[in-house]
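This report concerns only the one structure given below.
Quick note on labels: first sequence line is chain A, next is B, and so on, each numbered from 1.
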Amino acid sequence: MQKPSLPKGTRDFAPQIMRKRLHVINTIVEVYRKYGFEPLETPAMENLSTLTGKYGDEGDKLLFKILNNGNFLEGLNAADFEAETDLNKITNHIAEKGLRYDLTVPLARFVVQNQHLISLPFKRYQIQPVWRADRPQKGRYREFWQCDADVIGTDSLLCEADFLLIYHEVFTRLHLNNYEVKINHRKILEAVAETIGYKGELMTLTVAIDKLDKIGWEGVSKELAERGFAPEQSKLLQELLQQFDFNTDVIGALEFSLKDSEAKSAGINAIKELLALLGNKVNSLQVKLDLSLARGLDYYTGVIFEALIHESGMGSVSGGGRYDNLTGVFGLPGVSGVGISFGLDRIFDIMENRSLFAGQDRPECKILLCHFDEVSFHYTNEIAQTLRDKGISAEVYPDIRKLKKQLDYANKRNFAFVGVAGSEEVQNKTIQLKDMDVGSQSQLGLNELIEKLR
RNA sequence: GUGGUUGUAGCUCAGCUGGUUAGAGCGCCGGAUUGUGGUUCCGGAGGUCGUGGGUUCGAGCCCCAUCAUCCACCCCA
């Protein structure tokens with residue numbers, strides 16, 4: 001008999017773990033709902049044509065593909081296999097479905113397909129697993145959960161402002177107080193490029209500077225040199241790439257450091273409006289404008305977000321931004337969207353490291369009822385049914401065994417209370433209520449028991 | 001896709017330069033005059049040492065391959 005195992009990068013979530021994960025999920029859901037988002041779910045698998053070409057070449061490589069059912073080799077001949085250069089042809093032939101890679105593309109697909117069902121602006125949240133055929137490592141899994149919220153169909157910066165408030169509320173409620181939200185704007189990145197006199201692809205520039213916090217300035221300048229940047233440009237860039245705290249004079253700092261241009265005024269106006277919408281709330285939001293933040297420029301066109309927890313040893317726990325034309329690829333141009341996504345698994349890992357799950361160590365069930373014999377077994381069963389009628393969760397130990405075994409079980413499940421009944425209790429219509437933390441015990445009538453457990 | 005790390009009991013690991021029946025802690029099961037757990041004591045079950053090959057009189061230990069794992073890079077939550 002072979003020992004069973006799990007596919008690489010996937011995990012089981014035992015009940016003890018699920019309690020904690022649900023705590024995080026529920027917190028995020030409560031906050032999302034508070035801001036008017038409604039739930040959406042989409043299938044685990046999408047047509048490969050929906051997924052490919054949306055995440056760049058790297059992304060396409062990381063897509064899990066699902067082998068067609070039936071004779072998937074039909075129509076292929078030996079020549080197709082000999083032409084090693086064109087694996088794509090074979091792939092397209094034998095797989096037409098894939099596992100979703102994120103929740104944003106399925107959302108775009110949904111919006112395009114269901115315009116009759118939704119009204120713009122469309123606000124939805126979606127908490128589901130996604131799959132990437134990456135090599136697993138710390139904080140990186142092949143199956144992981146994203147907690148997305150997006151607004152589609154409005155350009156208003158109110159959405160961005162709301163997301164900053166959502167970040168604050170979620171992290172505060174999870175006791176992840178030393179979080180930081182980095183924010184940047186595509187237009188400001190363009191202004192940075194113009195300031196240093198860079199004329200090439202913005203992508204080239206941003207890929208290099210995005211690594212700043214990881215490889216430091218030395219690494220970045222080396223990479224820039226390799227990509228044909230002049231030393232003066234590199235130096236100027238270094239002076240520019242600082243972080244500006246939202247609490248202080250961000251606008252002044254930008255006005256001062258960036259060269260005048262169309263991109264500059266567009267970027268600054270957006271930040272100004274965002275600040276105006278946040279009002280004095282901004283003081284508590286732990287937001288920094290970070291000119292080196294340049295994530296996923298493939299489709300972000302406006303504000304870009306990234307959230308991280310200091311001293312967690314983990315990369316970002318959330319990312320997001322505005323994309324002007326995501327639904328365009330599915331034939332619906334001109335619809336703007338903006339969204340964020342929490343990485344549930346990373347947040348969970350950090351919280352577990354910091355022991356932030358106090359209060360999630362009990363089962364939902366309030367009390368385990370124990371007994372000594374056939375008669376008291378039926379007696380406790382009746383009590384359990386009464387308790388449940390009163391809205392109190394209760395469980396009866398299902399076998400007649402030594403009390404020691406039953407208490408042992410209660411202890412392992414970490415029940416807060418155990419109710420014990422034997423012939424004496426049956427006679428008096430009472431129960432022994434035992435507090436499992438303290439070990440204390442008291443003889444109670446049914447009404448007293450209900451009061452105590454409520 | 002590239003580089004490195006580690007694979008011994010359910011879990012965490014020990015096993016000296018290759019030498020008899022492979023160990024510990026935790027966990028699990030049973031028990032300590034049968035109506036009381038989390039502490040203690042006693043007893044027990046459980047491993048073809050990741051897999052396949054090689055070197056050797058002899059391999060958990062050395063060599064090769066393979067699979068898995070974790071970590072780093074690329075990229076990303």
Any base atoms under 4.0 Å from [X], or only sugar-phosphate, or nothing? Heavy atoms, all strands.
| X | answer |
| --- | --- |
| A:K61 | nothing |
| A:D102 | nothing |
| A:R413 | nothing |
| A:S341 | nothing |
| A:E306 | nothing |
| A:M436 | base |
| A:S423 | base |

From C-beta outward on [X], which listed nucleotide comes closest to its side chain: [options]?
| X | options | value |
| --- | --- | --- |
| A:N411 | B:G37, B:C76, B:U36 | B:G37 |
| A:F372 | B:G37, B:G35, B:A77 | B:G35 |
| A:Q432 | B:G37, B:A77, B:U36 | B:U36 |
| A:K405 | B:C29, B:C76, B:G30 | B:G30 |

Given the [atom1] atoms of [N] and [M], what is the spacing between them in whole Å?
| N | M | atom1 | result |
| --- | --- | --- | --- |
| B:U21 | B:G58 | C1' | 16 Å |
| B:A72 | B:U40 | P | 38 Å |
| B:G47 | B:C70 | C1' | 23 Å |
| B:C63 | B:A77 | P | 41 Å |
| B:C42 | B:G27 | P | 15 Å |
| B:G38 | B:G31 | P | 14 Å |
| B:G18 | B:C75 | P | 45 Å |

#### Entry: 5' priority, RNA chain B, between A:F415 and A:D345 [closest heavy atom]
A:F415

#### Entry: Salt-bridge present (A:E30, A:K34; N to O < 4.0 Å)
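Between A:K34 and A:E30 there is no salt bridge, as every charged N stays at least 4.0 Å from the carboxylate O atoms.
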
### Task
Going by the side chain to side chain contact (heavy atoms under 4.5 Å, CB included) test, name the single residue among A:L157, A:I188, A:I271, A:V338 that passes it with A:V303.
A:L157

For [X] and [Y], does a side-chain donor sit closer than 3.5 Å to a side-chain acceptor?
| X | Y | answer |
| --- | --- | --- |
| A:Q432 | A:Q441 | yes |
| A:D134 | A:Y141 | no |
| A:Q137 | A:R135 | no |
| A:R322 | A:S336 | yes |
| A:Q126 | A:T42 | yes |
| A:D399 | A:Y409 | no |

### Query
For the residue pair A:H371 and A:Y397, does the interplanar ring angle fall in the parallel (under 30°), tilted (30 to 60°) or perpendicular (over 60°) class?
tilted

### Query
Do we count A:F342 as stacking onto B:A77 if the rule is ring centres under 5.5 Å and planes under 30°?
no

### Aromatic centroids of A:F64 and A:Y101 separated by under 6.0 Å
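That pair fails the under 6.0 Å test.
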
### Task
Using a 4.0 Å cut-off on protein heavy atoms (strictly under), produce a 5'-to-3' string for nucleotides 65-75 of chain B with B for base contact, S for backbone-only sugar-phosphate contact, and - for none.
----S-SBBBB

### Query
Using Watson-Crick and G-U wobble pairs whose two distances are both under 3.5 Å, how do you write the pairing of RNA chain B as dot-bracket, with | for links to another strand?
((((.((..((((.....[...)))).(((((.......))))).....(((((..]....))))))).))))....

